Structures are given as structure tokens and as C-alpha cells.
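First the structure, in the form of C-alpha cells, and then the observations on it.
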Amino acid sequence: MVEGQIPFDAALARLKPLFEDAAILKIAHNMKHDLLVLSRYGIDVAPIDDAMLMSYALDSGRGDHRLEELARNYCGHEALTFASVTGAGRNFLGFARAALTAATEYAAEQADISLRLWRVLKPRLLAERMTTVYETLERPMVATLARMERRGVMVERATLSRLSGEFAQDMARLEAEIFELAGESFNLGSPKQLGDILFGKMGLPGAKKTATGAWSTSASVLEDLAVAGNDFSRRILDWRQLSKLKSTYADALPGYINAETGRVHTSYALAATTTGRLSSSEPNLQNIPVRNEAGRKIRKAFVSAPGHVLISADYSQIELRLLAHIADIPQLRRAFAENLDIHAMTASEMFNVPIKDMPPETRRRAKAINFGIIYGISAFGLANQLSIPREEASAYIKRYFERFPGIRDYMDSTRKTVREKGEVSTIFGRVYHFPGISSANASDRAFYERAAINAPIQGAAADIIRRAMIRMDDALARAGLSAQMLLQVHDELVFEAPNDEAEATIELARRVMEQAPAPAVHLAVPLKVDARAAANWDEAH
DNA sequence: CGTGTCACG
DNA sequence: ACGTACGTGACACGG
């Protein structure tokens, strides 16, 4: 106990009634953090306004929404840093005394700056017509995400430990074979050393250079060599995959299992991406492997609590559906209305092949084009993705635009808008600013234009799932269900439900997610949600 | 701490 | 002629 400090329990007892009056806490910066800290002491706070989210609604492209940065930018004020007020090199008691005084000063200034930011940002939201975005898409996410983070997800330590051992064995075998073929041992984890072996000693044709001029040893380069029959690069690829799974997932995830809850609690960032998507960190649970069998073994370690199931509900092709709506493309709208295979339909339109006996390779190329469109397609990018000559990619794009002229119109009009106004927006009113585009050189301008084509699509999908998440908590309660929302992965929500609530939760999630755009927006295409329950995330997905 | 690589949508 | 697919976060390497 430090002199002058009242006992913690007494402090808490004095504090609690204050928070029961919601008016006490009106304004904060990064409210989700405060909510999570206070919830540890049983204090529930109704979040009111959050200066960080106001800043994000005004300009998601601003790299940094930290309080210190906003104070500098909007108030011309240099905020105290905790490090600057605590000082260093003291003995513990000295530090503790200093820290108490300093923490008081620091905390008071943080609260003051939050209020001062609010006074600046509130009228700006009104002036820039971003109040609705802030109030309906940003602010309500705070409580929802805080609950999800606090709930956490169960991850089986034993499964990951077993996988780590299996991956290590397979890596050791591959490593021995690789060193045998190379005629020497080296650090397989070093791109530099690997490049020297591949393109120096072994004399293989280096396909690409990195930004710094070194030979690229990326998967696409190694894949091209492997397809040409090079077993050495195939083994490197296999080793790399296992190395990734072992270090990033099998070995790292157990360290995030909370000792008190036995579960993994990610942190979602609400003001991190330019488009309106969330991001997830420590650990990132939005990039758990799923695309191949070895990776899915990791995903199987994410399980439901006893007596419960995990439910995964994901939007099917939401970005292409939004493209069909936004660009108003008759064939796409019809295809989604009739629930057709959209990539096969695209291939059929482009190559005059009946949908029913579509060769897989033809469909694969059409699928790459569809994704490319959403990214603001370029011949170079498509050629790279499909490992085909750029001339061939150009011909595909030309053909695509002949069949879907509305897409070219949409892309052209988006480029025009962003060049003239420096901004574009989603159908829900979220605005993206591109202030640099007027003074950009040709290649930078092309980059901004692609981002401006992508943002209204990716961002509308982000807006829709936010609306669904905000409604889900209330919908579950009203339906008398005790299921909990655990995770969000951009177009997917994961719930944990008692076994006997599985079906009802699936039906509710599907209804809420599919109806999420209304009443703000009525889409010209239906949304489709696939949902399933299982004992682990892999089988639910 | 920047770079390369790779996991996800 | 140029250099590009959109959006993220984590890990290992090496200076």
C-alpha cells in the first residue's frame, strides 16, 4: 500500500455508483478499451461518444486515430505521454509515488482531451453528413465487440501441441531432403540464403525481383518452378507451409489462452482499416488457416464448450452481389436471383460454353476475373494471378467488358468521381477521401483509382455485417436464446450455442444477416447466408 | 526496424 | 515507358 492511497475496494465502492449514472461517462477515446477494463471490476457503462470513432467516420484513411495524434491535429495540443510523466530509474516506492501523481495528471489530461476533441469533431460530423454513419455503424459496435472479446473462444492446447510435433517431424524430413538436393545445409527460413542456392548455385531461372532488387523466392515463383517439374522447389513450398502453420499458429496460439477463462480473447480494432472492415490482433483470429488440409487441422482446434456447438454463418459472394447492385448488371442480378454458380455463369458468358459442362480451368479463370474486377482489374495483375501472358489477360478483360458493359461504365464513372471530387462512398454513406489523387503521378493515380473502385464494394460488405452484428445481440435476447456471438471474419460470424439451440440460432442468424441492409438500403439482389453447426470451427465452416 | 513471405477475407 | 491487382496482421531474418 502506497501512502495516501485508499484501499482498492473502498475506491471501487465509491466509484461504482458514479458509473451507474450513465451521464458521468459521456465521452471517451477508444471506449471499448475502457469498457473492457471497467468490466473486470463489475462496472457496466453505457458508452456514449467516442472521439476515436468520430475521427474514423470522418476520415478512415488517416493512418492514426490515437488520442495523441488527434490532439495534435485537431487541437494543436501536444499531449502528455505516460512515459514522460512517470520517469525512470527510481526505486519501487519512489516510482510508485511518482506514478500515482503522474497517472492522475495523465488520466485527467486524457479525459480533458477527449472532451476537447468531441467539441471539435461533433460539429464536423454534422457538417460532413457523417453523423448517421457514426451513430449507426461505428458507435454501436463498441459494446458488441467488447462482449465478443470478453467471451473469447475455446482453443484446444493439446491439439495444437500434437500438431506442432507432427509439423516438426515433417519439416525435419523435408529439410534433410532439401539439404541433400542442395549439396549443403543452410537457413531455410532465410529468403536471401534460399535465393543464393536456387538462382546462384543451382542456376535456376529467376522469374521475379523483389522491391529491393533481390531474387524473389515467393510462392508464385516457386510454384512456377514446381509445375515445371522442379522437386526441390516443391519441397521448399511444403516446408514453408509447415513452418508458417507451426510458428504462427500451433506454437503461438497456446500462449494466448487466458489462464482465468481457458479461452483465447482476440482484440478487434474498429479504426484500423481504410474501408470500414475490422482488424483482429493478439492473436489475429481473422486469418486462421482454411484453404488446405494441413491448415484446417489448426482450425479444428477451435472448439465449442461442452454441451455447445460452434455455428459459422457466412455471406455467400457478398462482394459480387454488391457489385451487381451498385453497377446494376442485369446478367449478374438475374444469376443471383436464380442462385446460379456465378463464376460458371461468367465463364459461360465469356467463352460461350454451357454452364452445365464447364471445364474447371475455364471456371477458375472466370473466378479470377470476377475477383480482379472487385480489386479494380489490371492486365498485369490478372496475368500474374493466372500465370498467363499479359496479352492474354488483356484479351480476357476486353472480352469481359464486351459482355458486361455496365461494369466498365461503373469503373469509368468511379474513376471520374474520384478524380473530380477526391472521394467515393458506400451505399450506406460511408465516405472515403483520396486527397492525394489530384497531385499524383500516373502510377500513383492508378493505385488510388483501384482503391476507389474497391472501397465502395468492400466497404458496403463491411457496413452490412456491422448492421447484422449490432442487431444480433438484441435479436438473440428477444428470441430467448442464450447463444453468444464470438468472432467476425469479414463476411462470417461465429456463434457458440447450447446444443438444443443450434437450429434456432442458425435460423435467426440467417434472417438477421440476410435482412441487414434494410431499411436503410434495399438491394436489387438477394443476400445469401450459409450456416452450419459443429463441434469445431473447421466442420462448422 | 525494414523486408520478405504468407495466413485470411 | 512505367509498374499495379483490394484490405489486413504475424513471423523470421538480418542490419
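All chains are named by letter (A, B, ...) in the order of the sequence lines, taking the proteins before the strands, and each is independently numbered beginning at 1. Fair warning: this is a prediction, and the values are worked out from it, not measured in the lab.
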With the side chain of [X] defined as its heavy atoms from C-beta on, choose the nearest nucleotide among [options].
{"X": "Val489(A)", "options": "dG9(B), dT5(B), dG9(C)", "value": "dG9(B)"}
{"X": "Val290(A)", "options": "dC6(C), dG4(B), dC8(B)", "value": "dC8(B)"}
{"X": "His541(A)", "options": "dC11(C), dC8(B), dG9(B)", "value": "dG9(B)"}
{"X": "Tyr375(A)", "options": "dC6(C), dC8(B), dT5(B)", "value": "dC6(C)"}
{"X": "Ser218(A)", "options": "dG9(B), dC6(B), dG9(C)", "value": "dC6(B)"}
{"X": "Gln458(A)", "options": "dC6(C), dG9(C), dT5(B)", "value": "dC6(C)"}
{"X": "Ser281(A)", "options": "dG9(B), dC6(C), dG9(C)", "value": "dG9(C)"}
{"X": "Ser247(A)", "options": "dA7(B), dA12(C), dT5(B)", "value": "dA12(C)"}

Any donor-acceptor N or O pair under 3.5 Å, side chains [X], [Y]:
{"X": "Thr275(A)", "Y": "Gln458(A)", "value": "yes"}
{"X": "Ser304(A)", "Y": "Glu496(A)", "value": "no"}
{"X": "Ser218(A)", "Y": "Arg240(A)", "value": "no"}
{"X": "Thr273(A)", "Y": "Ser279(A)", "value": "no"}

Which part of the nucleic acid, if any, lies within contact of [X], taking any heavy atom under 4.0 Å across all strands shown: a base, the sugar-phosphate backbone alone, or nothing?
{"X": "Ala368(A)", "answer": "base"}
{"X": "Ile288(A)", "answer": "sugar-phosphate"}
{"X": "Asn284(A)", "answer": "sugar-phosphate"}
{"X": "Ser243(A)", "answer": "nothing"}
{"X": "Gln193(A)", "answer": "sugar-phosphate"}
{"X": "Ala462(A)", "answer": "nothing"}
{"X": "Glu282(A)", "answer": "sugar-phosphate"}
{"X": "Ile377(A)", "answer": "base"}
{"X": "Ala211(A)", "answer": "sugar-phosphate"}
{"X": "Asn384(A)", "answer": "nothing"}
{"X": "Ser378(A)", "answer": "base"}
{"X": "Tyr249(A)", "answer": "sugar-phosphate"}

So, is [X] near the phosphate of [N], with a side-chain N or O under 4.0 Å from OP1 or OP2?
{"X": "Thr217(A)", "N": "dT5(B)", "result": "yes"}
{"X": "Asn187(A)", "N": "dC13(C)", "result": "yes"}
{"X": "Ser280(A)", "N": "dG9(C)", "result": "no"}
{"X": "Arg240(A)", "N": "dC6(B)", "result": "yes"}
{"X": "Ser279(A)", "N": "dG9(C)", "result": "yes"}
{"X": "Arg291(A)", "N": "dC8(B)", "result": "yes"}
{"X": "Thr274(A)", "N": "dT8(C)", "result": "yes"}
{"X": "Thr248(A)", "N": "dA7(B)", "result": "no"}
{"X": "Gln241(A)", "N": "dT5(B)", "result": "no"}

Distance between P atoms of dA5(C) and dT5(B) (Å, rounded):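 Looking at atom P only, dA5(C) and dT5(B) are 14 Å apart.
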
Nearest-angstrom distance, P atom, dG4(B) to dT4(C):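 That atom pair is separated by 12 Å.
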
Verdict with reasoning, Trp239(A) to Glu177(A), per side chain to side chain donor-acceptor pair (under 3.5 Å): CA-CA 11 Å; Trp239(A) 184 91; Glu177(A) 291 170 4; over 6 Å; no

Specify the separation, in whole Å, of atom [atom1] of [X] and atom [atom2] of [N].
{"X": "Glu492(A)", "N": "dT8(C)", "atom1": "CD", "atom2": "C1'", "value": "16 Å"}
{"X": "Lys246(A)", "N": "dC6(B)", "atom1": "NZ", "atom2": "P", "value": "18 Å"}
{"X": "Arg299(A)", "N": "dG9(B)", "atom1": "CZ", "atom2": "C1'", "value": "10 Å"}
{"X": "Arg365(A)", "N": "dA5(C)", "atom1": "CZ", "atom2": "P", "value": "20 Å"}
{"X": "Lys208(A)", "N": "dC6(B)", "atom1": "NZ", "atom2": "P", "value": "10 Å"}
{"X": "Gln385(A)", "N": "dC6(C)", "atom1": "CD", "atom2": "P", "value": "12 Å"}
{"X": "Glu223(A)", "N": "dT5(B)", "atom1": "CD", "atom2": "P", "value": "15 Å"}
{"X": "Ile236(A)", "N": "dG4(B)", "atom1": "CD1", "atom2": "P", "value": "18 Å"}

By nearest heavy atom, map Ala442(A) and Phe447(A) onto DNA chain C; which one lands nearer the 5' end?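 In this pair, the answer is Ala442(A).
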
Nearest heavy atom decides the nucleotide; on that basis, is Thr273(A) or Gly189(A) closer to the 5' end of DNA chain C?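 That would be Thr273(A).
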
Counting only Watson-Crick pairs (N1-N3 plus N6-O4 or O6-N4) and G-U wobbles (N1-O2, O6-N3), all under 3.5 Å, who is the partner of dA12(C)?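 dA12(C) is paired with dT3(B).
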
Just verifying a value: how many Å separate Ile236(A) CD1 and Ile197(A) CD1, rounded to the nearest 0.5 Å?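 It is 9.0 Å, given to the nearest 0.5 Å.
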
Rounded distance [0.5 Å steps], CG in Leu174(A) versus CG in Leu188(A):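 With rounding to 0.5 Å, CG (Leu174(A)) is 9.0 Å from CG (Leu188(A)).
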
Hey, would you say the Tyr396(A) and Tyr400(A) ring centroids sit under 6.0 Å apart?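 Distance test on ring centres: not under 6.0 Å, no.
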
Would Lys209(A) pass as a cation-pi partner of Trp215(A), given that its NZ or CZ must be under 6.0 Å from the six-membered ring centre and within 45 degrees of the axis?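 Yes; both conditions hold, so Lys209(A) lies above the ring face of Trp215(A).
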
Side-chain donor or acceptor of Arg450(A) under 3.5 Å from a matching atom on the base of dT4(C)?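 Side chain to base: pair found, below 3.5 Å.
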
